[in-house]
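Presented below is the structure to which this report refers.
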Number of protein chains: 2
Amino acid sequence: MEDRKSVAPPHPAHDVTEHVGYRLKRAAAALRGAMDKALRQHGLTVPQYACLELLDEQPGLSNAELARGAFVTRQSMNVVLRGLQDAELISRPATTDHGRALPAHLTAQGRSRLDAARSAVYAIEQQMIEAVPQRRLGALLDDLDGMAAALGG
Amino acid sequence: MEDRKSVAPPHPAHDVTEHVGYRLKRAAAALRGAMDKALRQHGLTVPQYACLELLDEQPGLSNAELARGAFVTRQSMNVVLRGLQDAELISRPATTDHGRALPAHLTAQGRSRLDAARSAVYAIEQQMIEAVPQRRLGALLDDLDGMAAALGG
DNA sequence: TCTCCTATGTCAAAATCCTGACATGGAAGA
DNA sequence: TCTTCCATGTCAGGATTTTGACATAGGAGA
């Protein structure tokens, strides 16, 4: 069933909806939509949640580091951080004695908010995982990483 | 075949960067960035290119249909269509005798622009395809579709 | 030491996208 | 027929994101 690639045509499909990029975009859009909907009930946006999750695992990350981790620009993450600061979900020192990066940390309020939102997000992730045969899950993750790396992600 | 749910750890990884959603987001972000960069040299944005590609395969699509195909809202696609109309890359009748949907079509100029941009985009897609073992490509596409479907995409 | 280079934080402006809303056209069912 | 419902196109407003730019802090090398 998999011998068709033996010829390796540069463009295996004539329909754009058959292309890898299109499928990837569709899956990502579906995930984004589901997360958007789920997180709204917790008063968080997707970038905000991503930021909290990153800070929970790696406390003290700077604005630029968070931006790279969430795949947005420094400027966008800066706006996100301000929103989270205004909501008292994270804390950031106004100055630092060494360097320029300001390390951010979760507040107690931020941690509880994250815990609440996490269950909703993990349920979505579980739906995704159940949609792919278990034996293929590892390969799927590897392939996603490989594609990202091939494109300089 | 689906007996894995008997054990089914709810959260297989303790690191967010190990989650399916994170990998998917990263791959999609890498693709978006690569396409953005490539298409800029052709004077097109990603939604504009997606719109042209859809219209090349299915001439006469309406604004709402294009929006669904490109995973954006009707309003966003409306803006895209106006830009493409101003650039003379597509044409749309001002009125219609039946219904309300206005069918869009590529102009000759739009088709040549699409042809030029397509080679750049296909090169990116080729890079992605080469990053995954050939025998896994079909399964990858199926899994992406499965995940999108599971999330209501 | 001094100079270059990179990284970071931030500001300003524009572009993009979405939410909410409204009016219209068509189809389905009472 | 008529009434209800759904899909479409469009407008207005705001939120989000990006591009471009600038100043500063620290490290590497001459």
Side-chain angles (χ1 to χ4, degrees), chain A residues 25 28-41 43-51 54-55 58 60-87 90-104, chain B residues 25 28-41 43-51 54-55 58 60-87 90-104:
Chain A
K25 191 173 179 180
L31 171 61
R32 174 68 183 237
M35 286 185 66
D36 243 14
K37 180 179 167 188
L39 287 174
R40 186 166 316 176
Q41 302 174 357
L44 290 175
T45 66
V46 172
Q48 283 176 336
Y49 167 78
C51 184
L54 286 169
L55 281 178
Q58 303 177 50
L61 285 183
S62 69
N63 176 33
E65 290 169 325
L66 288 168
R68 281 191 292 267
F71 314 110
V72 296
T73 61
R74 281 172 296 162
Q75 294 87 333
S76 296
M77 183 53 73
N78 202 347
V79 176
V80 172
L81 283 181
R82 291 192 185 198
L84 290 174
Q85 260 180 303
D86 291 347
I90 69 166
S91 66
R92 222 171 19 149
T95 60
T96 177
D97 53 349
H98 178 278
R100 209 166 177 212
L102 303 176
Chain B
K25 191 173 180 180
L31 172 61
R32 174 67 184 238
M35 286 185 66
D36 242 16
K37 180 179 167 187
L39 286 174
R40 185 167 314 177
Q41 302 174 355
L44 290 176
T45 66
V46 171
Q48 283 176 336
Y49 167 79
C51 183
L54 286 169
L55 281 178
Q58 303 178 47
L61 285 182
S62 70
N63 176 34
E65 290 169 326
L66 288 167
R68 282 191 292 268
F71 313 110
V72 295
T73 61
R74 282 171 294 162
Q75 294 86 334
S76 295
M77 182 54 72
N78 203 348
V79 176
V80 172
L81 283 180
R82 291 192 184 198
L84 291 174
Q85 261 180 304
D86 291 346
I90 69 166
S91 66
R92 221 169 26 146
T95 60
T96 178
D97 54 348
H98 177 277
R100 201 156 184 226
L102 303 176

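The sequence lines fix the lettering, A, B, ..., with proteins before strands; numbering per chain opens at 1.
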Asn78(B) side chain near dT10(D) phosphate (N/O to OP1/OP2, under 4.0 Å): yes
Nucleotide-resolved protein contact map, nucleotides 23-28 of chain D, B/S/- at heavy-atom distance under 4.0 Å: BBSS--
Annotated protein contacts, base or backbone, on nucleotides 13-22 of chain D with a non-hydrogen cut-off under 4.0 Å, one of B, S, - each: ---SSBBBB-
For residues [X] and [Y], report the shortest heavy-atom separation together with the two atoms involved.
X        : Y         : result
Gly60(A) : Glu65(A)  : O-OE1, 4.4 Å
Gly43(A) : Gln48(A)  : O-OE1, 4.1 Å
Val46(B) : Asp36(B)  : CG2-OD1, 3.3 Å
Leu55(B) : Ala104(B) : CD2-O, 3.5 Å
Pro47(A) : Arg32(A)  : CD-NH2, 4.2 Å
Leu66(A) : Cys51(A)  : CD1-SG, 3.8 Å

From [atom1] of [X] over to [atom2] of [N], roughly how many Å is that when rounded to an integer?
X        : N       : atom1 : atom2 : result
Leu39(B) : dT16(C) : CG    : P     : 13 Å
Leu81(A) : dG9(C)  : CG    : P     : 9 Å
Leu44(B) : dA15(C) : CG    : P     : 17 Å
Arg68(A) : dG9(C)  : CZ    : P     : 9 Å
Leu61(A) : dG9(C)  : CG    : P     : 11 Å
Arg82(B) : dT10(D) : CZ    : C1'   : 7 Å
Met35(A) : dC18(C) : CE    : P     : 16 Å

Rounded distance [0.5 Å steps], OG in Ser62(B) versus CZ in Arg68(B): 6.5 Å
Value rounded to 0.5 Å, distance of CG in Leu61(B) from CG in Leu102(B): 12.5 Å
side-chain contact (heavy atoms from CB on, under 4.5 Å) evaluation trace for Asn63(B) with Arg92(B): CA-CA 10 Å; Asn63(B) 176 34; Arg92(B) 221 169 26 146; 3.9 Å; yes
